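Notes follow the structure.
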Amino acid sequence: MKLSAADIAQRVANDIAGGSYVNLGIGMPMLVGDYIPVDREFTLHTENGMLGMGPAVPEGSEDWDLINAGKQGVSILPGGAFFHHADSFGMIRGGHIDISILGAYEVAANGDIANWHIPGPRPPAVGGAMDLVAGAKQVWVVLSSHVSKNGAPKVVDRCTLPLTGVGCVKRVYSDLAVIDITPEGLVVVAMVEGLGRDELQAQTGAPLTFAADCGNLKAA
Amino acid sequence: MKLSAADIAQRVANDIAGGSYVNLGIGMPMLVGDYIPVDREFTLHTENGMLGMGPAVPEGSEDWDLINAGKQGVSILPGGAFFHHADSFGMIRGGHIDISILGAYEVAANGDIANWHIPGPRPPAVGGAMDLVAGAKQVWVVLSSHVSKNGAPKVVDRCTLPLTGVGCVKRVYSDLAVIDITPEGLVVVAMVEGLGRDELQAQTGAPLTFAADCGNLKAA
Amino acid sequence: MIDKRVKDMAALIADCPDLKDGAIILLGGFGDAGVAERLVEAICPLGLRNLTVVSNGAGGGDYGLGRLIKEGCVSKLVSTFPRSSDSKIFEDLYAAGEIELETVPQGTMAERIRAGGAGIPAFYTATAYGTLLAEGKETREFEGRQYVMERGIKADVALVHAAAGDRWGNLTYSKTARNFNPVMATAASTTLVEVRQFVDMIPPEEVITPGIFVDRMVEVGELT
Amino acid sequence: MIDKRVKDMAALIADCPDLKDGAIILLGGFGDAGVAERLVEAICPLGLRNLTVVSNGAGGGDYGLGRLIKEGCVSKLVSTFPRSSDSKIFEDLYAAGEIELETVPQGTMAERIRAGGAGIPAFYTATAYGTLLAEGKETREFEGRQYVMERGIKADVALVHAAAGDRWGNLTYSKTARNFNPVMATAASTTLVEVRQFVDMIPPEEVITPGIFVDRMVEVGELT
């Protein structure tokens with residue numbers, strides 16, 4: 001039993017307090033925007049210069065002046081605002097974004113994250129990832145799968161890939177669990193129903209402890 | 001024979017190239033704005049957040065949202081713009097203001113200027129003077145009188161009062177002369193008709209040389 | 001629903017732990033333009049102590065900042081031009097050594113606040129190099145020119161005056177009443193705003209201060 | 001009379017000594033939004049060499065920046081994300097070691113340009129501390145946190161894309177096509193602008209880039 005990407009996105013969206021300012025990274029984090037609970041209003045920030053980002057628009061009806069950081073055509077909601085790049089990253093660096101939600105190759109028990117670069121022949125490209133992890137009040141990581149394709153843990157003791165930031169991740173959402181990164185190490189706050197604690201530990205590269213009120217995650 | 005404040009302001013205004021961006025300090029420099037030649041358009045900047053500053057408005061018809069750095073009610077000309085203080089001083093510090101025109105207590109042959117503070121019991125108040133002298137492309141000083149009330153030169157070898165900036169003044173306009181401050185020292189480029197070179201030197205605290213084409217200044 | 005509008009001053013300053021003794025307060029405005037004086041008046045009765053106020057001027061008369069100083073709430077003023085025809089209250093306390101003053105060049109003050117809001121702990125500027133106001137500060141040469149290191153300013157509370165605000169907290173300003181306000185709005189834990197008029201929605205291209213920087217705001221009407 | 005409008009691209013780039021071999025060029029835009037591609041196309045035939053281009057991306061296809069790179073004009077790219085589905089020209093040159101790349105975090109790049117335009121030679125940021133992109137850079141602790149010193153970027157030429165411009169050079173932008181453009185406009189000796197539409201006058205409260213930052217501009221019409 002594992003969570004789908006949609007399940008994870010829904011859980012993440014549910015954990016965001018109303019009124020929050022949230023930046024969604026390119027890829028799976030974007031999906032969170034589709035699951036905003038109807039009883040809550042929170043504001044999506046896109047680092048290319050907009051607050052109040054609305055849903056992606058259907059193919060063919062894009063306004064290419066109105067895109068998100070992933071260069072998709074999107075919309076703007078009432079109450080939104082446009083601003084330039086220095087102001088946009090002033091918001092990020094200055095700690096005004098409540099939550100930055102990103103994907104990652106690796107997240108470590110000390111809060112380090114590696115999500116920008118796998119050494120190789122292609123030119124290194126970082127975008128806004130390093131600014132977001134260093135600047136947002138909270139950094140949450142979403143992992144579509146708890147382990148890599150070859151079974152290696154993505155939640156590790158120490159990252160082996162080039163870092164995006166040090167000691168900055170507060171929480172990890174995967175298809176198996178929700179894990180807080182605390183000064184005392186990894187604390188599981190929820191895990192999928194039916195999974196054994198030892199099974200989760202076996203797929204995780206650093207020691208886990210379990211919150212007293214550790215909850216169940218159910219696939220939809 | 002000495003120039004009036006109006007004469008000085010007119011001469012200064014005449015020396016400003018069309019298209020320039022100019023900041024006028026509080027007090028006598030403001031007068032320059034009244035003598036913009038009709039064949040030229042240049043843009044006045046006021047550091048409290050406006051380009052395209054127009055004339056002061058008559059007493060009683062001020063809009064107190066629309067003031068200059070001296071807190072007088074002014075107007076805005078077509079083509080003007082409003083912006084906040086950090087952007088305004090970014091323009092200054094970043095070298096985008098062509099000419100900053102200020103008054104001074106003392107100007108030295110090395111380009112130092114003292115215009116902000118006379119030690120005493122009142123609290124020191126600097127405003128934007130230090131930013132303007134450090135940031136503008138050119139700093140011009142206007143002196144309503146070449147010497148102080150007790151006859152002491154205001155153009156000196158070294159300033160004795162607390163400095164506003166070091167090595168930044170390019171040109172001095174007084175009621176007696178126009179003097180360039182060059183790496184080789186003070187060069188008189190114009191002086192009032194009928195004044196002897198030795199008389200001007202006697203009222204100046206540092207050695208003068210005279211430009212080959214040193215011109216005449218006539219009181220209106 | 002996001003709604004940063006509150007009905008009155010009492011609601012604006014209620015439950016605001018950043019309004020505390022020893023707080024650093026940013027107060028917008030330049031001359032009489034864009035000063036959140038009605039907010040300052042609302043704060044005076046709290047009787048706070050040891051406030052540091054960052055403001056272009058020292059206030060005038062015994063209204064607004066003048067009153068806050070007079071009532072002994074302020075132990076330090078960070079200011080570019082702390083005197084005016086009407087700043088006797090501050091000047092007397094200063095002369096008596098009863099209030100601390102940090103005089104800062106105007107552009108350096110604006111940039112220090114902007115830096116505080118943008119997560120920049122320090123930067124270099126040529127302003128004030130070689131002057132009294134750079135004494136004791138680190139200097140450094142870049143490309144043959146000397147610069148002074150200045151620190152960002154982060155505050156507990158910003159008091160902002162705006163022309164219009166919508167429920168999301170987006171703001172616009174009026175003419176040169178903009179001045180320090182948008183910069184200060186970015187640099188405080190809590191940003192409180194007096195707006196002349198609540199509006200339904202500020203068009204997104206015209207927003208000067210995005211709502212992300214605003215905590216609460218109260219409508220004060222057009223000034224007379 | 002101040003009038004920064006010129007009639008065509010030839011007039012825009014004529015008599016521009018900053019367009020020279022070895023120049024540092026700022027190119028606005030993010031993705032396909034707000035890229036002054038028509039200006040880049042006009043510059044390609046000049047056959048400049050050893051340009052350093054500062055741009056969020058590396059261009060796509062063989063139009064605009066892609067073409068400038070393909071024609072051998074660019075020796076160094078300063079970029080946050082120098083690859084896309086369509087950036088083969090740059091990537092091949094990079095793999096062959098024929099073009100230098102400085103990868104910069106996006107916010108650090110924006111702030112470095114803003115600093116260059118605002119007379120700030122250097123500042124500190126927590127971004128990239130402890131990563132590859134901070135290697136060799138000075139670090140420093142402020143209040144218990146580690147920061148990296150970054151330098152301002154000043155350029156010879158900025159190439160800006162705007163929505164509307166008036167004769168004084170005031171500009172507005174369209175939605176997220178604003179991006180780097182207003183920041184870059186401040187940081188070059190010469191700022192050249194392609195605007196979609198000349199207008200009589202932009203209202204002073206709505207100006208995003210004041211004309212002080214603009215040297216010349218050409219009308220390119222609405223994009224299709």
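Bear in mind the structure is a predicted one, so any value in this text is a computation, not a measurement. We use all heavy atoms of the structure for the numbers below, so side chains are in, but hydrogens, waters and symmetry mates are not.
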Among side-chain atoms of [X] and [Y], is any donor-acceptor pair under 3.5 angstrom?
X: B/D180; Y: B/T182; answer: no
X: B/E106; Y: B/T160; answer: yes
X: D/N179; Y: D/Y173; answer: no

Short N-O contact, D/E102 and D/R112, less than 4.0 angstrom: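 The answer is yes: the pair qualifies as a salt bridge.
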N-O pairing of D/R167 and D/D3 below 4.0 Å: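 The answer is no: the pair does not qualify as a salt bridge.
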Most contacts with chain D, counted as non-hydrogen pairs under 4.5 angstrom, among [options]:
options: B/G52, B/G135, B/G80; value: B/G80
options: B/G18, B/G95, B/G19, B/P78; value: B/P78
options: B/G94, B/G79, B/A86; value: B/G79

Contacting moiety of B/A134, where chain D heavy atoms sit under 4.5 Å: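 For B/A134, there is no contact with chain D at all, as no heavy atom is under 4.5 Å.
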Among D/V54, D/V78, D/V104, side-chain contact (heavy atoms from CB on, under 4.5 Å) partner for D/I113: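 With D/I113 as partner, side-chain contact (heavy atoms from CB on, under 4.5 Å) holds for just one option, D/V54.
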D/M201, part contacting chain B, at a heavy-atom distance under 4.5 Å: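 Just the side chain, heavy atoms under 4.5 Å.
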Contact class of D/K154 relative to chain B, heavy atoms under 4.5 angstrom: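 Neither part.
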Among the listed options D/N170, D/D200, D/D166, the residue most often paired with chain B at heavy-atom distances under 4.5 Å: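 Going by pairs under 4.5 Å, I would pick D/N170.
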Best-contacting candidate, D/G116, D/A118, D/G169, D/G117, against chain B by heavy atom pairs under 4.5 angstrom: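 Among the listed options, the one with the most contacts to chain B is D/A118.
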